Novice: 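There's a structure below that I have some questions on.
In the text below, chain A, chain B and the rest are named by the order of the sequence lines, each starting its count at 1. Please read all numbers here as calculations on a predicted model, not as lab measurements.
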Amino acid sequence: MFGQKKHVRVRFAPSPTGPLNFGGVRTALFNWLFAKHEGGYFILRIEDTDKERSRPEFETDIKESLSWLGLHWDELYKQTDRIAEYEKYLTSLLERNIAYYCFCSEEDLVKDEEAQMSQGIPPKYSGRCRTIPFEEATARAKKEKHVIRLKVPEKELSFHDLIRGKVTFHLGLVGDFIIAKSLKEPLYNFANVIDDAEMEITHVVRGEEHISNTPRQIAIQEALGFSPLIYAHLPLILGANKKKLSKRDLAKSISDYRREGYLPHAVLNFLVLLGWHPKEDKEILSVEEMQKEFSFDRVQKAGGIFNIEKLDWFNGYYIRALSDETLALLLEELVPPAWMNDRNKFVKTVSVEKERMKKLTDFAGAVKFLFELPVYAPELLLWKHTPAATIAGNLKEAIGIFEGIAEEDFHKRTIESKMMLFAEMRGRGEVLWPIRVALSGNGASPGPFDLADILGKRETLLRMKHAYALLSKKHEAE
RNA sequence: GGUCCCAUCGUCUAACGGUUAGGACACCGCCCUUUCACGGCGGUAAUAGGAGUUCGAUUCUCCUUGGGACUACCA
């Protein structure tokens, strides 16, 4: 065994009490990255010992979100499948008198706590049931309501954290804490420690909020004779209010972001830089680069604020990096089915709109005018201070030019070369602006040649004539 | 309150005793340009405060201040 390098084994251990959020994903990502970097194993462990709050649909959400992001696990466990295992250890601890049954009522506990507080002592369990003889306690446990507590020695204890260095606590402050509600109902700290040992976890990588759980877990480890683990407590992801990302503010679930049109790579790239940074000044990272360069010495100690604008920027970047075809495939399900009648038109639209999108869900609204006739105010056709009559005249001439282009030549390049000749003559804005508005009905849109190309000759002429009519009518009215 | 953790531009961060304190997002300006976007160029903007160590501190130590996590028969 000695001399032999132990494989790195890490775990992501979410409890299925809510959908997976950014905090969870970041923890999963860093675990996964570390495992990949070390050629180790990434284990997913569903910590569902809390029967009240755990729900199967959240377990599904967690697994689906992880899969969507490409964070695939090598092994999967579920704590409720392992109750017998925990019971074994619990029984052993009880028999060896390292843990004991406690029958204190809630009122007793509250009274104790109040008394301690009033004396200015930090509250902890009094140890009242510690001395009840094992046989008596076992007998009582069969019919009385009880919990199981660990006998915690009063000593100083420290652990090594890859991010924070040596962290020291005084176990005396902890007291005999509860490790299980009963033999078949272990609590988080207990089940967690058993599993880490049995699953031969080497590194515990988790959020900073667990630092204060660590001394309890080490106390359990020592009671059971398990070997110590290496820890890495990740900085918290904070909301704009600098507090831990909570259910509200931006703690929407990953599945929500997925629905809103964020790309997995964008989420990963954004998250990996929230608390970690590669050696070089590099922001755009492939998953392979993340795996190759990941290391805990470059993980930040301080919490980081979740900045959605940067996520949006990454998302826009990765959308632009997609091929038109790939992007079209992703967009298909986000638009009315009728838009797919002309697939060629759809792909062209995607190609043109690509550089304007931040989220996939931006698409449908932004290009709706290409599939449905837009409604707009005639004034929008006017360019700066150019008189309406001039604009109308330009529109009319442009119609002639469009008509002069053969159906089979009606493509961006041809349209552009013909129309630019005219535009250079009359002034670009005075020609191109009204055409663009006629075709889009919008103050902002892709360029007129792209639009005409996408719309096709027939539809282009239809819209041009409509615009001309609108403007003439307005002109007459004045 | 107690225990623990933390502190560089608005935000994410680089610098592991010597830099005009660098990059990215956001913002502003210019260029490209018919609009929007993309792209290019440029700009504003930071070492919380105080001691100490040192020839020299963003960097090491201590204190102060500020922020955060935990403080469940939740995880």
Novice: Go through C6(B), U11(B), U35(B) for me and flag the one nearest to the Ile305(A) side chain.
Specialist: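 Between C6(B), U11(B), U35(B), the one nearest the side chain of Ile305(A) would be U11(B).
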Novice: Answer yes if the side chains of Ser253(A) and Asn21(A) hold a donor-acceptor pair under 3.5 Å, and no otherwise.
Specialist: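 No, because no side-chain N or O of Ser253(A) sits under 3.5 Å from a partner of the opposite role on Asn21(A).
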Novice: Is any side-chain N of the basic residue among Lys368(A) and Glu372(A) closer than 4.0 Å to the acidic one's carboxylate O?
Specialist: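 Salt bridge present between Lys368(A) and Glu372(A).
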Novice: Can you work out whether Lys301(A) or Ala444(A) has the more 5'-proximal nearest nucleotide on RNA chain B?
Specialist: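 Of the two residues, Lys301(A) wins.
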Novice: Does this structure show an ion pair linking Glu208(A) with Lys244(A), if we count only N-O contacts that are shorter than 4.0 Å?
Specialist: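 Answer for the salt bridge query: no.
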Novice: Taking only residues two or more places apart in sequence, or in another chain, which ones meet Phe449(A) in a ring pair (Phe, Tyr, Trp, His ring centres under 6.0 Å)?
Specialist: none
Novice: Measuring only the P atom in each nucleotide, how far is U13(B) from G29(B)? A whole number of Å is fine.
Specialist: 29 Å
Novice: If you draw a 6.0 Å radius around CD in Glu106(A), do more than 12 non-hydrogen atoms from other residues or ligands fall strictly inside?
Specialist: no
Novice: For Ala240(A) and Ile305(A), which heavy atoms make the closest approach, and how far apart are they?
Specialist: CA-CG2, 4.1 Å
Novice: Enumerate the residues from residues 346-372 of chain A whose closest heavy atom to RNA chain B is under 4.0 Å, giving them by residue number; use none for an empty result.
Specialist: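 The stretch gives Glu355(A), Arg356(A) as the residues lying under 4.0 Å from the strand, ordered by number.
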Novice: Does a side-chain N-to-carboxylate-O contact under 4.0 Å join Lys348(A) and Asp453(A)?
Specialist: yes
Novice: With a 3.5 Å cut-off and no angle check, do the side chains of Asn269(A) and Tyr317(A) form a donor-acceptor pair?
Specialist: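 Result is no, nothing qualifies.
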Novice: When we call it a touch if two heavy atoms are under 4.0 Å apart, what does Pro448(A) touch: a base, just sugar-phosphate, or nothing?
Specialist: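 Answer is base: heavy atoms of Pro448(A) come under 4.0 Å of a base.
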Novice: Give, ordered by number, those residues of residues 150-167 of chain A having at least one heavy-atom distance below 4.0 Å to an atom of RNA chain B; if nothing qualifies, reply none.
Specialist: Arg164(A), Val167(A)
Novice: Starting at atom CZ of Phe270(A), determine the distance to atom C1' of U11(B), rounded to an integer number of angstrom.
Specialist: 10 Å
Novice: Within a radius of less than 6.0 Å around CD of Glu52(A), do more than 12 heavy atoms belonging to other residues, nucleotides or ligands occur?
Specialist: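 No.
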Novice: Check this for me, if you would: do Asp50(A) and Arg53(A) make a salt bridge, where the nitrogen-to-carboxylate-oxygen distance has to be below 4.0 angstrom?
Specialist: yes
Novice: Return the polar atom pairs (N/O with N/O) between nucleotides 39-41 of chain B and the protein under 3.5 Å, or none.
Specialist:
unit_1: G39(B); atom_1: OP1; unit_2: Arg320(A); atom_2: NH1; d: 3.2

Novice: By the 4.0 Å heavy-atom rule, please label Arg45(A) as base, sugar-phosphate, or nothing.
Specialist: nothing
Novice: Considering only the P atoms, how many Å lie between C4(B) and C63(B), rounded to the nearest integer?
Specialist: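 Per the computed distance, 13 Å lies between those P atoms.
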Novice: Does atom NZ (Lys242(A)) have a neighbourhood of more than 12 heavy atoms from anything else shown, all under 6.0 Å?
Specialist: no
Novice: Please state the P separation for the pair G23(B) and G40(B) - nearest whole angstrom.
Specialist: 15 Å
Novice: To the nearest 0.5 Å, what is the distance between CG on Leu109(A) and CZ on Arg128(A)?
Specialist: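 Going from CG on Leu109(A) over to CZ on Arg128(A), the span is 7.0 Å.
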Novice: Does the protein touch nucleotides 59-75 of chain B at the base, only the backbone, or not at all? Give it as B, S and - per nucleotide, heavy atoms under 4.0 Å.
Specialist: ---------SSS--BBB
Novice: Could you check whether Gly447(A) gets within reach of a base, just the sugar-phosphate, or nothing at all, counting any heavy atom under 4.0 Å?
Specialist: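 Base, at least one base atom sits under 4.0 Å.
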Novice: From CZ of Phe314(A) over to P of U11(B), roughly how many Å is that when rounded to an integer?
Specialist: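 Distance check: Phe314(A) CZ to U11(B) P gives 18 Å.
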Novice: How are the rings of Phe12(A) and Phe42(A) set to each other: parallel, tilted or perpendicular (split at 30° and 60°)?
Specialist: parallel
Novice: Mapping Gly443(A) and Gly304(A) to their closest nucleotides on RNA chain B, which lands nearer the 5' end?
Specialist: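 This one resolves to Gly304(A).
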Novice: In terms of side-chain heavy atoms of Asn307(A), which of U34(B), A24(B), U11(B) is nearest?
Specialist: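 Closest nucleotide to the Asn307(A) side chain: U11(B).
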Novice: With a 4.0 Å cut-off, would you call Glu107(A) and Lys111(A) a salt bridge?
Specialist: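 Salt bridge between Glu107(A) and Lys111(A), a charged N being under 4.0 Å from a carboxylate O: no.
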Novice: For atom C1', what is the distance between U58(B) and G2(B), given to the nearest Å?
Specialist: 32 Å
Novice: If you only use heavy atoms from C-beta on, which nucleotide in C25(B), U3(B), U34(B) is closest to the side chain of Glu309(A)?
Specialist: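 The answer is C25(B).
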Novice: I'd like the C1' distance from G22(B) over to A46(B), given in whole Å.
Specialist: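 It works out to 12 Å between them.
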Novice: Kindly give the atom pairs (protein nitrogen or oxygen, nucleotide nitrogen or oxygen) under 3.5 Å for nucleotides 18-22 of chain B.
Specialist:
unit_1: G22(B); atom_1: N2; unit_2: Asp281(A); atom_2: OD1; d: 3.2

Novice: CG of Leu173(A) versus P of C4(B): gap in Å, rounded?
Specialist: 8 Å
Novice: Closest heavy-atom contact between Leu380(A) and Gly441(A)?
Specialist: CD2-O, 3.7 Å
Novice: Considering every strand and a 4.0 Å limit on heavy-atom distances, what is the contact class for Ser182(A): base, sugar-phosphate, or nothing?
Specialist: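 It contacts nothing in the nucleic acid.
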Novice: So, for Lys358(A) and Asn315(A), which heavy atoms are closest and what is the spacing to 0.1 Å?
Specialist: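 Here Lys358(A) and Asn315(A) meet closest at O-ND2, 2.6 Å.
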Novice: Hey, does the side-chain of Lys310(A) have a donor or acceptor N/O within less than 3.5 Å of a partner on the base of A24(B)?
Specialist: yes
Novice: Write down the distance separating the C1' atoms in C16(B) and A21(B), rounded off to the nearest Å.
Specialist: 15 Å
Novice: Is Lys359(A) paired with Asp312(A) through a side-chain N to carboxylate O contact shorter than 4.0 Å?
Specialist: no
Novice: Taking a pair as Watson-Crick or G-U wobble with both distances under 3.5 Å, which nucleotide is matched to A15(B)?
Specialist: none
Novice: Can you tell me if NZ on Lys301(A) sees more than 12 non-hydrogen neighbours from other groups inside 6.0 Å?
Specialist: no
Novice: In whole Å, measure the gap between the C1' atoms of C27(B) and U44(B) for me.
Specialist: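 Their C1' atoms lie roughly 9 Å apart.
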Novice: Using the C1' atom as the reference point in each nucleotide, state the distance between A14(B) and U35(B) in Å, no decimals.
Specialist: 39 Å
Novice: Would you mind telling me which of A14(B), G23(B), C12(B) lies closest to the side-chain atoms of Glu283(A)?
Specialist: G23(B)
